Protein chains: 2
Amino acid sequence: MDNDTKVLELAELFKYFADPTRIRIMFFLRDGERCVNDIADGLKMTQSAVSHQLKILKTSKLIRSRREGKAVFYSLADEHVQLILETGMDHILE
Amino acid sequence: MDNDTKVLELAELFKYFADPTRIRIMFFLRDGERCVNDIADGLKMTQSAVSHQLKILKTSKLIRSRREGKAVFYSLADEHVQLILETGMDHILE
DNA sequence: TCAACATATGAACGCTTGCTCATATGTTAA
DNA sequence: TTAACATATGAGCAAGCGTTCATATGTTGA
């Protein structure tokens, strides 16, 4: 991967963290997996808006999904996601 | 600071990392401070575009500036900036 | 198979953002 | 002060993005 590609992908990655709704969703998933409806209820958002954002987060590999019957459960993809969130938070709180 | 404010500020922070031009500028500053013209030359951008982005990065406290004669030198603000960039890069390269 | 529920998706709209172009401000040397 | 250089800024435009609304797809139990 050349440098230009790295820069583009890095900017792309941070773009997914650059929205309050997605941050809230990722924070909401820190305690473990949740289904779409629970996320929508918990964050007081429409099911549609949540689902759109979940798709974006999943496509970007920041979250995972698992179907169980009618429900689809989402969870954070790996510890990088948490680390990025926490480093950002450290910066904010400084 | 309440949670809503934290989320908004965190999203705001990542927004500044979410642009290839700003990433390139920050990478360009990793080796030490540089003046506006050197950045524009090094990144093959117009002086105006660079200056606009530098203002954004400085307002958001991701970079610092220091005037020396006609030139203004910019540098990364602190180690959080580097850490966020590096953690993001680790994620990309995984 | 059909009704009820859970989730996903497409279109459209309003808002934001990064660029260019033109111009303004700041600084030094003469 | 004035010319020359370095940097900053304002207006305007094109592209991208998050939401809502309407609808489609997927799944289960009867």
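Quantities reported herein were computed from a predicted structural model and do not represent experimental measurements. Lettering follows sequence order; numbering is per chain, from 1.
Atom CG in B:L43 sits about 15 Å away from atom C1' in C:dC19, given to the nearest Å. A:I56 has its CD1 atom 14 Å from the P atom of D:dG16, to the nearest Å. Atom-to-atom, CG of A:D19 to C1' of D:dG16 comes out at 13 Å; the value is rounded to the nearest Å. Spacing between atom CD of A:Q53 and atom P of D:dT20 amounts to 10 Å, rounded to whole angstrom units.
The side chain of A:K15 sits closest to D:dC17 out of D:dT20, D:dC17, C:dC19.
Along DNA chain C, the nucleotide nearest B:A18 and the nucleotide nearest A:A49 are compared for position; the residue whose nucleotide lies closer to the 5' end is A:A49.
Distance check, rounded to the nearest 0.5 Å: OG1 of B:T21 to CD1 of B:I39 gives 12.0 Å.
Heavy-atom neighbours of A:K6 NZ from other residues, nucleotides or ligands within 6.0 Å: above the threshold of 12.
Side-chain contact, B:D2 with B:T5: a donor N or O sits under 3.5 Å from an acceptor N or O.
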Nucleotide by nucleotide, 5' to 3', does protein get under 4.0 Å of the base (B), only the sugar-phosphate (S), or neither (-) in nucleotides 3-8 of chain D, counting heavy atoms? --BSBB
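Between A:T46 and the phosphate of D:dT20, there is a side-chain N or O to OP1/OP2 separation shorter than 4.0 Å. Contact between the side-chain N/O atoms of A:R22 and the OP1/OP2 oxygens of D:dC17 is not found at any separation under 4.0 Å.
Where stacking is scored as ring centres under 5.5 Å apart with planes under 30°, B:H52 does not register as stacked on the base of C:dC19.
Relative ring orientation between A:H80 and B:H91 is described as perpendicular, the plane-to-plane angle rising above 60° on a 0-90° scale split at 30° and 60°.
The backbone N or O of B:K15 lies less than 3.5 Å from a partner atom in the side chain of B:R22, making a donor-acceptor pair.
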